[in-house]
Amino acid sequence: MAETRIVAAATAMLLTLALVCFPGSGLAQQPDSSPSAEALKKLSIEQLMNLQVTSVSKRPERLSQTASAIQVITQEDIRRSGASSLPEALRLATNLQVAQLDSRQWAISARGFNGTAANKLLVLIDGRTVYTPLFSGVFWDVQEVPLADIDRIEVISGPGATLWGSNAVNGVINVITKDAKDTQGLLLAGGGGTEQHGFGTVRYGAALGSTVRARVYGRGFDRDATALPNGQDAADDWHLGQGGFRMDWEASSASRVTLQGDLYDGRIAQDSGGDIAVSGRNVIAKWSRTLSERSSLAAQLYYDRTHRDIPGLFAEDLDTYDVDLQHATRLGTRHDVVWGLGYRNINDRTAIGSDSTLAFLPTQVAREWFTGFVQDEIALVPNRVHVTLGTKIEHNDYTGFEIQPSGRVNWTLSPSATLWTAVSRAVRTPSRVDRELFAPAKPPYFFAGGPDFHSEEELAYELGFRHQQGSIALSVATFYSHYHGLRSLEQVNPPAPVPLIIGNGQDGESYGAELTADYRVTDRWRLRAGYTELRVHVWPNPGSTDMSRGATESQVPDRQFFLLSSVDLPAHLGLSAWFRAINDINNQLVPAYAELNVTLTWRPTSKLDLSLVGQNLLHDQHREFGAATSPSRRDIQRGVYGAVTWRF
């Protein structure tokens with residue numbers, strides 16, 4: 001049995017034995033110092049709306065006053081949901097489209113254009129971009145952030161390219177983990193069940209002197225296979241082990257340094273050809289300094305290495321080096337200016353095996369990105385009307401210079417109501433798939449990347465409104481986006497169907513509305529609801545031979561509804577029920593479905609959490625994504641697991 005399976009199962013068994021045999025000694029230990037979950041649980045709706053977020057303007061601002069469609073997933077939300085992975089936790093953001101393909105793969109996007117290789121959503125973990133330049137998307141199976149270490153997840157639907165750059169076309173996900181000072185002491189967590197066979201986490205935080213706090217962690221899991229349409233198990237069970245550290249140094253009252261890193265290794269079963277191997281490591285260094293009451297400076301440097309070997313398909317080793325500098329200053333009484341510079345270098349190496357079905361040519365490339373941005377928030381009418389103007393200027397090796405400006409207006413109608421609007425331009429720059437992918441691996445090629453493929457462009461218009469009164473908070477965001485030069489498959493010698501080459505032969509549009517509501521029924525009972533209405537239309541440009549009308553580029557339901565109910569019961573019990581209803585995906589013939597997750601928790605003391613989680617309770621198995629006619633389509637099964645978390 002693999003080492004990570006042993007670690008996960010052994011951790012869960014030891015925790016259970018300790019709780020049964022030694023309850024007195026365990027409860028006498030020093031608790032974890034993190035107050036986040038307990039404090040957030042008691043926050044009023046007004047306090048939740050006043051949470052500080054940083055993803056919209058790259059500086060702290062109140063959630064209720066941001067000129068953007070943003071939602072925040074708190075640590076308490078994650079704990080109560082019973083989510084066991086980052087993609088599952090992202091279902092809590094009702095402005096995202098999240099679908100599970102199999103035991104490890106997810107399709108996650110915002111405002112359409114979802115798919116197995118969704119490429120218009122930028123994802124960051126503590127400032128580190130986790131998208132791959134291979135296809136401008138995310139390998140979700142290796143984004144295994146310890147959920148207990150997450151402070152919050154800020155989710156923006158709509159363009160964020162002015163600050164975050166290319167690929168922040170339809171949204172930004174920013175995962176922010178806790179400071180080391182908030183994770184002091186020892187934490188042991190583990191459990192298992194029908195789909196989550198076994199999982200375990202060990203984390204320890206301590207002070208290293210009067211100004212330095214640090215933590216280290218290790219975790220592992222073993223996940224069961226999903227189901228084939230006939231009910232038999234698919235060959236996609238897998239396991240992964242991961243470890244990491246974080247150190248925060250308060251160098252002075254004005255300076256702060258953070259150093260953190262992770263490493264992981266896993267194996268994923270597949271139908272034939274041997275297991276998929278995934279591994280990687282990263283390290284991030286951050287420095288910030290308050291220069292004065294009106295000015296601050298921050299710098300970040302990170303290195304990221306990933307390895308993926310899919311027998312019969314391809315193998316890749318990717319090294320990424322990234323450095324960013326940011327300065328924020330207040331000019332006069334009306335201008336808050338943020339500007340920054342950045343540089344990224346990647347070295348991507350792919351291998352062609354004797355059984356490979358595709359190739360990236362050349363097999364090794366080095367690419368560079370140079371970026372600069374500036375944004376000015378202008379108080380036209382102090383405390384009432386703010387206008388934000390900014391632009392990002394990028395240079396990449398594929399298309400040269402790209403300019404991505406935006407303008408936003410935030411109007412505080414009253415202490416309880418805010419109206420905002422925005423106009424933005426964003427681009428999705430070429431990836432290796434677009435320019436350098438060939439299939440089969442050797443000529444003659446059936447399919448080839450386009451040497452002239454240029455950036456996909458978006459022009460987005462948004463209008464939103466927020467209202468908070470007493471125990472109720474409401475938010476609505478409407479949008480219309482026009483896309484030019486979307487990816488297409490073009491015939492080289494029509495009417496001959498092959499070979500095909502990737503081009504920019506399609507345009508498109510998306511429009512709709514996102515509504516969210518948060519209601520604190522009583523001090524013990526909270527309701528959250530979300531509804532999204534979405535339409536995506538794609539059409540070929542004159543001269544294009546691609547008649548798919550975006551079938552391979554946009555696979556999303558027209559509407560989705562979420563309802564989450566969380567209640568604190570007597571005897572330290574908590575009950576959360578999480579219902580979601582997803583409309584059908586027409587171009588995949590995926591039928592509409594509704595599902596229910598339920599989590600029962602018991603917290604007898606602040607040191608101990610026990611939970612029982614039921615996932616996808618309404619069906620034995622259901623399909624969320626993938627062509628209905630595919631014999632290899634995976635269905636997601638009902639699952640139940642138990643977990644225990646012990647802090648001391």
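We use all heavy atoms of the structure for the numbers below, so side chains are in, but hydrogens, waters and symmetry mates are not.
Annotation: the span from Thr306 atom OG1 to Asp317 atom CG amounts to 7.5 Å, rounded to 0.5 Å.
Side-chain contact annotation: Glu490 with Ser544, donor-acceptor N/O pair under 3.5 Å present. Under 3.5 Å, the side chains of Ser136 and Asn119 contain no donor-acceptor pair of N or O atoms. For the residue pair Gln506/Ser488, the side-chain donor-acceptor check at 3.5 Å is not satisfied. Side-chain atoms of Gln491 and Thr545 include no donor-acceptor pair closer than 3.5 Å. Side-chain contact of Glu458 with Ser481: a donor-acceptor pair under 3.5 Å is present, judged by distance alone. A side-chain donor-acceptor contact under 3.5 Å links Gln615 and Glu88. Tyr480 and Glu509 are linked by a side-chain donor-acceptor pair at a separation below 3.5 angstrom, with hydrogens and angles left out of the test. Under 3.5 Å, the side chains of Glu514 and Thr532 contain no donor-acceptor pair of N or O atoms. Counted by atom type alone, Asp546 and Ser548 present one or more donor-acceptor pairs between their side chains at under 3.5 Å.
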For His619 and Gln621, what are the C-alpha separation, side-chain angles and deciding distance, and is it a side chain to side chain donor-acceptor pair (under 3.5 Å)? CA-CA 5 Å; His619 302 89; Gln621 63 185 67; over 6 Å; no
Apply side chain to side chain donor-acceptor pair (under 3.5 Å) to residues Ser84 and Gln196 and explain how you reach the verdict. CA-CA 8 Å; Ser84 59; Gln196 308 286 339; 3.0 Å; yes
Worked check of salt bridge (charged side-chain N to carboxylate O under 4.0 Å, His left out) between Arg349 and Asp309: CA-CA 12 Å; Arg349 301 169 301 283; Asp309 185 359; over 6 Å; no
Start with the C-alpha distance between Arg344 and Asp322, add both sets of side-chain angles, then the distance that settles salt bridge (charged side-chain N to carboxylate O under 4.0 Å, His left out), and finish with yes or no. CA-CA 4 Å; Arg344 178 176 300 155; Asp322 187 283; 2.8 Å; yes
Working note: Glu144 + Ser85, criterion side chain to side chain donor-acceptor pair (under 3.5 Å); need CA distance, chi angles, decisive distance, verdict. CA-CA 7 Å; Glu144 284 292 332; Ser85 67; 5.3 Å; no
Evaluate Ser424 against Ser406 for side chain to side chain donor-acceptor pair (under 3.5 Å), listing each step before the verdict. CA-CA 4 Å; Ser424 311; Ser406 71; 4.6 Å; no
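Taking the centre of each ring, Phe446 and Phe438 stay at or above the 6.0 Å mark. For Tyr398 and His454, the distance between ring centers is not under 6.0 angstrom.
Comment: Glu595 does not engage Arg580 in a salt bridge, judged by the lack of any side-chain N to carboxylate O separation of less than 4.0 angstrom. The residues Glu394 and Lys392 are annotated as not salt-bridged, no charged nitrogen and carboxylate oxygen being separated by less than 4.0 angstrom. The pair Asp434-Arg428 meets the salt-bridge criterion, with a side-chain N (NZ, NE, NH1 or NH2) lying under 4.0 Å from an Asp/Glu carboxylate O. Under a 4.0 Å N-O distance rule, the pair Glu76/Arg528 does not qualify as a salt bridge.
A donor-acceptor pair is defined here as one N or O able to donate and one able to accept, closer than 3.5 Å; no such pair exists between the side chain of Thr363 and the backbone of Ile352. At distances below 3.5 Å, not a single donor-acceptor pair connects side-chain atoms of Gln97 with backbone N or O atoms of Pro557. In this structure, Trp238 contributes its side chain and Asp275 its backbone to no donor-acceptor pair below 3.5 Å. Remark: the backbone N or O of Val138 is not paired with any side-chain donor or acceptor of Thr132 at under 3.5 angstrom. Although no hydrogens or angles enter the test, the distance criterion places no donor-acceptor pair under 3.5 Å between the side chain of Asp507 and the main chain of Val538. Remark: the backbone N or O of Ser81 is paired with a side-chain donor or acceptor of Thr599 at under 3.5 angstrom. Proximity of a side-chain donor or acceptor of Glu456 to a complementary backbone N or O of Thr429 within less than 3.5 Å is not detected.
Thr226 pairs with exactly one of Asp102, Asp236, Asp233 by the side chain to side chain donor-acceptor pair (under 3.5 Å) rule, that one being Asp236. Tested against Arg305, the residues Asp348, Asp262, Asp319 include a single salt bridge (Lys or Arg N to Asp or Glu O under 4.0 Å) partner, Asp319.
A cation-pi contact, defined as under 6.0 Å to the ring centre and within 45° of the axis, is absent between Arg623 and Tyr593.
Note on residues 130-141: pairs passing salt bridge (charged side-chain N to carboxylate O under 4.0 Å, His left out), not counting sequence neighbours, are Arg104-Asp141, Asp141-Arg308. Applying the ring-ring contact (aromatic ring centres under 6.0 Å, His included) definition to pairs two or more places apart or across chains, those involving residues 93-132 are Phe113-Tyr483.
Open room surrounds OH on Tyr461; 12 or fewer heavy atoms of other groups in view lie less than 6.0 Å from it.
Looking at Ser576 and Ser566, their side chains come closer than 4.5 Å, going by heavy atoms from C-beta outward.
His482 and Trp539 have tilted rings, their planes meeting at an angle from 30° to 60° on a 0 to 90° scale.
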